[in-house]
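Treat the numbers as computed from the prediction; the structure is a model and nothing was measured.
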Amino acid sequence: MTIKKRKTSCRFLLVIILLYTFWVQSQEKAVDTSNNNLNATLSNAKKIRYQNPEKALIVLQEVHDQALVYGDTLLAINALLEMPYIYGQQVNYAKSYDTLWHALFLADDIGNEVLRAKIYGYLGRLSSFFKRKDEAFNYLNTSLKIKKNLVKNGILPNSSLVEDYYLICATYRELDDPKMANIYLDSCFTVFKTGRVSQLNKQYLDFEKAFILSKEDKNNEALLIMQNIEPWFKENRPSYLVLVYTYWGDILSALGRSKEGEQKYIEALEISSKYNSHIDFSPLIYERLSCLYLDKGNFEKAYENLNMAKVLDAQFFDSRSEINRPLLEIKDQFRLEQERQLKIIQQQRLEQLEQADKISFLQRTILLVGIIFLIIVGLIYVKYLRSKHKAEKELIRRNKELEIKKAKELLELKNKELATSALQLVEKDELFGELKDKIKGNQGKVDEKELNSFIRSISVSSVSNWQEFKLRFTDVNESFYQNLTANYPQLTQSDHRICALIKLNLSSKDMARLLGISVESVHTTRYRLRKKMGLPRSANLEDFIAEL
């Protein structure tokens, strides 16, 4: 395969991988967007559950169904856990029971122990509403056991146990067992004293404390607690005031303040009607009002409230009676069959998810192999480029060294030619000097004008020869005079001549002959030159000038 074909194949593979990566990212982004939208819808359902509980239930069911479609079981469970609260406010405990079991099945499938503990706690409270005491505490203790194990393993903080202690305490309150309620309430306060923050607000614990104090005939202390916690519930959980005002009315009635107690009972009924909350407490409140009116001797109102209590109890709580309680056992048998069917569906769903995971794993494996292949090809290509670049640099370096070597050799050759030329000038000047001396010493009949003209021509020829030498020297050593003038502007033309001759590596004797001066004068000139250049005694003048 040629290099061009390999490049084309690599580009095609790269395009395929990029397209697949884009598709995977777009799918993941679509799922994330859908999950974000579902979370926002869940939050909106929580906001409207008091004002429009029916609509809230519809929205929660839609969130649950869509979450299962997208494979987000955790979100589906969270949607389910909001529904029993609304059903409970409507006294539709059968729906609450079904929803919690469905949530428990899903939590078991994903192995989420935190959610399992939470659901068992809800089931325990729900069972207590049906007067199934043993089953209620079995669920509540199961929830507590799971959470203790999670705390032991460091998955949950110790403060998470407060919620389970509180649920058990509230269950004993409803069973009118203040002694056992106080034991679990003490456990709640013990955890609070550790300084760790809990999701459960202390006002709920204070409410339970007020109930226990009232049962211990400490009604004034209980009344003070009720007065302290009322503002918080008004601002944060007004629907819970149904319970607060009911037990507050009991405390006032016990203190002989029946008129105020009557007012609290009425306020509890108004809160229940306003928020459609804790309807199951309505029959109990009417019973308390009936007893209150009976004590006052107002038999008409006592009868009306007692009758209202019976009507509501028949309407809402038939399932609590001894006659209808076996219906729950039949319903449980039906639930076992539902559980079996649901597990089959969940198993099929898990198999589908496992298959999808295998496909996803295979796709990601192919993507990873493709990326690794591209990385290897890229590394090989980069290594090739580096080798090529290194070879080019080495070639350039060698060529440059060769050029420098040739230039140096050429410079040395020309300097040798200059030195030879300079020596020839010396010999020529000496010849002319001897001739000039002979002519001057000739006592013959030489014409004086011709003699003077000949002597002048010898002098001019000497100056001309020096100028020619300087031009040739400058041509060979172009930057020498430039550096010399730039670094030492104080040097004279005579100094420049000496520097040029030193550059040519001429001896002092040859310089003296060329310049027409004595060797001592050359030494003197060299000394003055060193002084003008500021060279120390240890510096070599020849080496210094050769570097210019």
Side-chain angles (χ1 to χ4, degrees), residues 46 49-50 85 88-89 121-122 125 128-129 159-282 284-285 288-289 292:
K46 292 179 182 179
R49 63 185 179 184
Y50 295 118
Y85 176 81
Q89 299 300 311
Y122 286 168
R125 291 291 291 140
S128 71
F129 298 155
S159 58
S160 63
L161 300 177
V162 174
E163 184 177 2
D164 288 88
Y165 290 141
Y166 166 74
L167 292 177
I168 297 174
C169 173
T171 302
Y172 278 118
R173 168 175 54 79
E174 291 176 357
L175 295 173
D176 201 24
D177 189 347
K179 183 177 180 181
M180 290 300 298
N182 192 37
I183 292 174
Y184 284 93
L185 184 63
D186 287 341
S187 298
C188 292
F189 281 114
T190 300
V191 176
F192 265 94
K193 288 178 182 178
T194 62
R196 295 186 179 182
V197 179
S198 172
Q199 294 180 349
L200 186 68
N201 292 292
K202 186 173 177 294
Q203 284 75 11
Y204 289 97
L205 303 183
D206 289 337
F207 168 73
E208 301 296 336
K209 185 65 177 178
F211 163 76
I212 294 170
L213 289 173
S214 68
K215 294 298 181 179
E216 296 174 350
D217 292 329
K218 298 178 182 179
N219 292 300
N220 288 323
E221 294 180 34
L223 184 61
L224 182 61
I225 292 176
M226 290 294 188
Q227 292 170 347
N228 289 334
I229 65 176
E230 181 187 20
W232 186 89
F233 282 107
K234 279 185 177 181
E235 181 178 354
N236 298 281
R237 181 80 185 280
S239 62
Y240 200 79
L241 287 172
V242 175
L243 301 183
V244 174
Y245 287 152
T246 300
Y247 287 102
W248 196 338
D250 292 344
I251 295 170
L252 291 171
S253 298
L255 289 171
R257 297 160 62 176
S258 57
K259 186 67 177 177
E260 296 176 59
E262 177 188 359
Q263 183 61 35
K264 289 300 176 185
Y265 292 142
I266 294 173
E267 288 181 15
L269 291 173
E270 291 174 351
I271 293 292
S272 178
S273 176
K274 179 179 179 181
Y275 293 100
N276 195 28
S277 172
H278 296 91
I279 301 175
D280 56 337
F281 250 69
S282 299
L284 299 176
I285 298 172
R288 284 168 167 78
L289 283 171
L292 191 65

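Of all the heavy atoms in Ala222 and Ile251, the pair that sits closest is CB-CD1, 3.6 Å. In this structure, Thr171 and Leu167 approach most closely via the heavy-atom pair OG1-O, 2.8 Å. Nearest approach of Arg125 to Ala170, heavy atoms of both residues: NH1-C, 3.9 Å. Residues Ile225 and Ala210 come closest through the heavy atom pair CG2-CB, 4.0 Å.
Annotation: side chain of Tyr165 is not in contact with side chain of Phe189 (no heavy-atom distance under 4.5 Å). Counting heavy atoms from C-beta outward, Glu230 and Tyr245 have side chains that approach closer than 4.5 Å.
You'll find the ring centres of Phe233 and Phe207 outside the 6.0 Å limit.
Under the side chain to side chain donor-acceptor pair (under 3.5 Å) criterion, Asp206 pairs with Lys202, sequence neighbours left out. The side chain to side chain donor-acceptor pair (under 3.5 Å) check on Gln227 picks up nothing, with sequence neighbours excluded. For the salt bridge (charged side-chain N to carboxylate O under 4.0 Å, His left out) test, no residue two or more places apart in sequence or in another chain qualifies with Glu221.
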Exercise for review: Take Leu289 and Leu269 through the test side chain to side chain contact (heavy atoms under 4.5 Å, CB included) and record every step on the way to the result.
Suggested key: CA-CA 11 Å; Leu289 283 171; Leu269 291 173; 3.9 Å; yes
For residues 252-268, tabulate all N or O donor-acceptor pairs below 3.5 Å that involve a side-chain atom, not counting sequence neighbours.
unit_1 : atom_1 : unit_2 : atom_2 : d
Ser253 : OG     : Gly249 : O      : 2.9
Arg257 : NE     : Glu260 : OE2    : 3.0
Arg257 : NH2    : Glu260 : OE1    : 2.8
Arg257 : NH2    : Glu260 : OE2    : 3.4
Glu262 : OE1    : Lys296 : NZ     : 3.1
Glu262 : OE2    : Tyr293 : OH     : 2.5
Tyr265 : OH     : Gly249 : O      : 3.4
Tyr265 : OH     : Asp250 : N      : 3.2
Tyr265 : OH     : Asp250 : OD1    : 2.4

Donor-acceptor pairs under 3.5 angstrom involving side-chain atoms of residues 180-188: please list them, not counting sequence neighbours.
unit_1 : atom_1 : unit_2 : atom_2 : d
Ser187 : OG     : Ile183 : O      : 3.4

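Interatomic distance, Ile212 CD1 to Cys169 SG, rounded to the nearest 0.5 Å: 5.0 Å. Atom CD of Gln203 is separated from atom CH2 of Trp232 by 5.0 Å, given to the nearest 0.5 angstrom.
Evaluation of the side chain to side chain donor-acceptor pair (under 3.5 Å) test over residues 210-220, restricted to residues two or more places apart or in two chains, returns Asp176-Lys215.
Looking at Glu270 and Lys274, no side-chain N of the basic residue comes within less than 4.0 Å of a carboxylate O on the acidic one, giving no salt bridge.
In this structure, a donor-acceptor pair under 3.5 Å is present between the side chains of Ser239 and Arg237.
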